[in-house]
Amino acid sequence: VVGRIKENRLSEQGGLVQPFFPMYQRPLQNMAAVLKTTREPAAMLSTMRQQVSQLDPTLPIFGIHTLREIRNNNVAPERLNLGLLGGFAALALILAIIGLYGLLAFTVTQRQREIGIRMALGAQRFDVLNLVVGQGMRLILAGVVIGLLGSFALTRVLASVLFKVEPTDPLTFVTVTFLLCVVALFACWLPARRAARADPMEALRYE
């Protein structure tokens, strides 16, 4: 009694029962020998050829690969897709950072007179930082919640391309959420810091 194996690809969801037959009961034209060694696989090639030749000198020997090479060739399409997806995700993150910073910087510029009045009436730099960062982070948290809900709704699409990773992997969601919040906090902090260092009289001079 044996368990089901992934015969062709690591991503396959095979549901068929898989039996093993003795070689003499169901012989095959092509066979593969697997050698487990603690030495460097390349150093064992000559030994492997000698052993097979001793069994049958007429047997052709071809397709010699290490298990690492077989695995890498098997997952090459997934790695390509992952690289492309990661590149587009990084580009989207950069564009989001630039857009977020530009929006917050524009908002701070539009509220320059309000910030100048607040500081003229006694508001400290910490108060200005708290005002700008607080309002920006509220928008960010709302966006993160919407994004998480959308991600959970689309996890079934990713299930077919994952291997030994659940679509709703908690570590992935927590890590990405934390990263986005840190990036968003930094994007909020820069305009807020510039607004807090502004001279109240200079800010009021715009009007």
Side-chain angles (χ1 to χ4, degrees), residues 1-98 143-184:
V1 178
V2 298
R4 296 173 181 173
I5 64 173
K6 297 181 181 295
E7 187 173 1
N8 298 310
R9 306 198 65 81
L10 294 176
S11 59
E12 70 181 24
Q13 307 293 330
L16 298 178
V17 177
Q18 295 159 322
F20 289 85
F21 295 93
M23 180 182 65
Y24 293 108
Q25 182 178 348
R26 181 174 292 186
L28 299 176
Q29 294 181 351
N30 297 327
M31 296 186 63
V34 180
L35 175 65
K36 181 179 180 181
T37 176
T38 57
R39 298 175 57 186
E40 182 65 28
M44 300 296 296
L45 293 180
S46 60
T47 304
M48 293 171 56
R49 292 180 182 274
Q50 291 175 3
Q51 294 297 323
V52 174
S53 298
Q54 290 178 4
L55 293 176
D56 189 344
T58 63
L59 287 177
I61 303 174
F62 61 94
I64 300 178
H65 302 285
T66 64
L67 288 179
R68 178 175 297 178
E69 293 173 348
I70 295 175
R71 182 199 61 188
N72 291 341
N73 293 334
N74 188 272
V75 300
E78 286 77 7
R79 283 187 172 178
L80 176 61
N81 294 335
L82 179 62
L84 293 175
L85 185 61
F88 285 123
L91 180 61
L93 179 60
I94 294 174
L95 292 176
I97 295 172
I98 295 174
V144 167
V145 171
I146 296 174
L148 287 175
L149 294 176
S151 299
F152 278 111
L154 295 175
T155 50
R156 294 184 178 273
V157 180
L158 297 176
S160 60
V161 297
L162 298 178
F163 177 67
K164 288 190 176 181
V165 178
E166 294 296 329
T168 56
D169 180 43
L171 180 61
T172 302
F173 279 91
V174 171
T175 303
V176 172
T177 302
F178 176 76
L179 176 62
L180 290 177
C181 288
V182 170
V183 170

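We use all heavy atoms of the structure for the numbers below, so side chains are in, but hydrogens, waters and symmetry mates are not.
- Residues passing the side-chain contact (heavy atoms from CB on, under 4.5 Å) test with T66 are P41, R68, E69, sequence neighbours excluded.
- Taken to the nearest 0.5 Å, the CG atom of L80 stands 11.0 Å off from the CG atom of L85.
- Between atom CG of residue L91 and atom CG of residue L95 there is a gap of 4.5 Å, rounded to the nearest 0.5 Å.
- Applying the side-chain contact (heavy atoms from CB on, under 4.5 Å) test to L82 and every residue at least two apart in sequence or in another chain returns nothing.
- Within the structure, side-chain hydrogen bond (donor to acceptor under 3.5 Å, both in side chains) pairs that include any residue of residues 31-53 do not occur (at least two apart or interchain).
- With sequence neighbours left out, the side chain to side chain donor-acceptor pair (under 3.5 Å) criterion links N73 to no other residue.
- More than 12 heavy atoms of other residues, nucleotides or ligands shown are found within 6.0 angstrom of CD1 on I70.
- Taking Q25 as the reference, F21, P22 meet the side-chain contact (heavy atoms from CB on, under 4.5 Å) condition, with sequence neighbours excluded.
- Considering only residues two or more places apart in sequence or on other chains, T177 meets the side-chain contact (heavy atoms from CB on, under 4.5 Å) condition with V144, L148, C181.
- Take T58 and apply the side chain to side chain donor-acceptor pair (under 3.5 Å) test, not counting sequence neighbours, and it matches D56.
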